Amino acid sequence: MMDPTEPESSWILPIRISVRSWHIPLPDLDRNLLEYALYKASDELIRYPLSGATVQVQHGTAVFLFGLPTPNPMITALEHRCRQLQKVAKNYLYADVGIEIGQSVPMRELPPEKLDESLAQQRYDRERILFMKQARSSDDASLHQILDYIENHLQEQMTREDIAHFVHFHPSYLSRFFRKKTGWSLSEYIVSQRIEHAKTMLAQSELRISHIMNRLGYDNLSHFTRTFKKLTGYTPLQYRNKIH
């Protein structure tokens, strides 16, 4: 967990480890076990003994190094650790692993963590802020078109095919393109944006939860509540009461 006493000049560095392919066919149970082993190896070979956090994300692992004194620390040493992890993954975990060292972000730019926040909320916020910060700073026009389209159609039941048609991509290529650029699947990102808008409306308006849900393309209160709690650690009502 981030130490609130860290100096304002310290930095946080994200590193994403993704499984590009498996060397052998694997049933779901074995693949899940090997993904967990990759998560543990990432923590031991890349994060340890530095201050930070290692979390499992879809199709891989994310490592966050906290409290770094400079924006580009120990890059040579980190690249060596990454190569070690790739060798371990290839020799023992049957995986071809890609590793991306992201751009450092000043810790003061991250939203202050509250002591009562759930671990799920902390992981969600860190991953979203750091990886989407990099994606939005990209000069890729197609990516910005996709992000803008999603932002402008959150209240609709948009599909992958709708977005692909808008940017003139094949739907399958769109999915691969978006994940490569952002580290997120389209559906994950759309859900995350809807929940962010829901949080804003819960905090800044007196709208009923059912009205907020409908404005964001949800038509089932139970589904909306489960999704909101999964990403924030709170039900919509609990979140509103906590903010107010």
Side-chain angles (χ1 to χ4, degrees), residues 14 16 18-20 28 55-60 62 98 100 102 111 118 120-240 243:
R16 185 174 180 87
S18 304
V19 177
R20 293 187 291 218
D28 289 344
V55 296
Q56 283 188 280
V57 296
Q58 191 168 18
H59 304 303
E100 178 183 359
S118 68
Q121 174 67 19
Q122 293 175 28
R123 290 178 176 180
Y124 165 70
D125 281 344
R126 286 172 185 151
E127 184 188 356
R128 178 180 179 275
I129 290 168
L130 292 167
F131 283 102
M132 289 311 302
K133 182 181 179 72
Q134 295 177 58
R136 287 191 176 278
S137 66
S138 167
D139 59 0
D140 192 303
S142 295
L143 177 61
H144 283 280
Q145 281 186 302
I146 294 167
L147 296 174
D148 289 344
Y149 183 93
I150 292 172
E151 180 71 21
N152 293 330
H153 294 79
L154 288 174
Q155 74 280 10
E156 303 172 13
Q157 295 293 334
M158 76 181 94
T159 65
R160 180 181 69 164
E161 286 68 25
D162 294 332
I163 302 170
H165 178 75
F166 177 74
V167 293
H168 307 292
F169 283 179
H170 188 280
S172 296
Y173 175 73
L174 170 66
S175 295
R176 294 193 300 271
F177 172 87
F178 193 81
R179 181 178 291 282
K180 179 180 179 181
K181 292 290 185 178
T182 69
W184 290 64
S185 72
L186 274 170
S187 59
E188 289 171 335
Y189 180 71
I190 291 169
V191 168
S192 78
Q193 291 303 289
R194 285 179 168 148
I195 296 306
E196 283 299 302
H197 280 257
K199 287 166 63 178
T200 299
M201 285 189 275
L202 286 167
Q204 299 180 4
S205 78
E206 298 299 324
L207 288 172
R208 296 175 61 179
I209 293 173
S210 59
H211 291 170
I212 292 174
M213 171 191 81
N214 291 332
R215 286 190 177 195
L216 294 171
Y218 290 94
D219 55 14
N220 184 292
L221 181 58
S222 295
H223 174 59
F224 173 67
T225 300
R226 285 195 305 271
T227 303
F228 191 95
K229 186 171 184 179
K230 179 180 179 182
L231 294 185
T232 69
Y234 302 97
T235 67
L237 182 58
Q238 289 171 336
Y239 183 83
R240 172 171 271 171
I243 293 298

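Below, all heavy atoms of this structure are taken into account, side chains as well, without hydrogens, waters or symmetry copies. In this text the structure is predicted, and so the values were computed from the model without any measurement.
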Could you report the tightest heavy-atom contact between [X] and [Y], atom names first, then the distance?
X      : Y      : answer
Ser175 : Leu186 : OG-CD1, 4.5 Å
Asn214 : Asp219 : OD1-CA, 4.3 Å
Pro236 : Ile209 : CB-CD1, 3.9 Å
Met158 : His153 : CE-O, 3.0 Å
Arg179 : Ser185 : NH2-CB, 3.1 Å

| said: Evaluate Leu147 against Phe178 for side chain to side chain contact (heavy atoms under 4.5 Å, CB included), listing each step before the verdict. | reply: CA-CA 10 Å; Leu147 296 174; Phe178 193 81; 3.9 Å; yes

| query | Taking the six-membered ring for Trp, are Phe177 and Tyr173 parallel (under 30°), tilted (30 to 60°) or perpendicular (over 60°)? | reply |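 The arrangement is tilted - the two ring planes meet at 30° to 60°.
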
Tell me whether the rings of Phe228 and Tyr239 are parallel (<30°), tilted (30 to 60°) or perpendicular (>60°).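 Aromatic pair Phe228/Tyr239 classed perpendicular.
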
Counting C-beta onward and ignoring hydrogens, is there a side-chain heavy-atom pair between [X] and [Y] closer than 4.5 Å?
X      : Y      : value
Val191 : Lys230 : no
Phe224 : Ile195 : yes
Arg160 : Ser172 : yes

Interatomic distance, [X] atom [atom1] to [Y] atom [atom2] [nearest 0.5 angstrom]:
X      : Y      : atom1 : atom2 : value
Lys229 : Thr227 : NZ    : OG1   : 12.5 Å
Glu196 : Thr232 : CD    : OG1   : 9.5 Å
His168 : Gln145 : NE2   : CD    : 7.5 Å
His211 : Ser205 : NE2   : OG    : 11.0 Å
Arg226 : Leu221 : CZ    : CG    : 10.0 Å
Leu231 : Glu188 : CG    : CD    : 9.5 Å

_Taking CZ in Arg240 as the centre, count heavy atoms belonging to other residues, nucleotides or ligands within less than 6.0 Å. Is the count above 12?_
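Yes.
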
Q | Arg194 (side chain) donor-acceptor with Leu154 (main chain) under 3.5 angstrom | A |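 Here the side-chain-to-backbone pair exists.
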
Tell me if a side-chain donor or acceptor on Asp162 pairs with a main-chain N or O of Thr159 at a distance below 3.5 Å.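 Side chain of Asp162 to backbone of Thr159: a pair is present.
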
Report yes or no: do His197 and Glu151 form a side-chain donor-acceptor pair below 3.5 Å?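 His197 vs Glu151: donor-acceptor pair found between side chains.
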
Next on the checklist: Before you tell me yes or no, could you show the steps for Ile163 and Ile190 under side chain to side chain contact (heavy atoms under 4.5 Å, CB included), namely the whole-Å CA-CA distance, both residues' side-chain angles and the distance that decides it to 0.1 Å?
Outcome noted: CA-CA 11 Å; Ile163 302 170; Ile190 291 169; 4.1 Å; yes

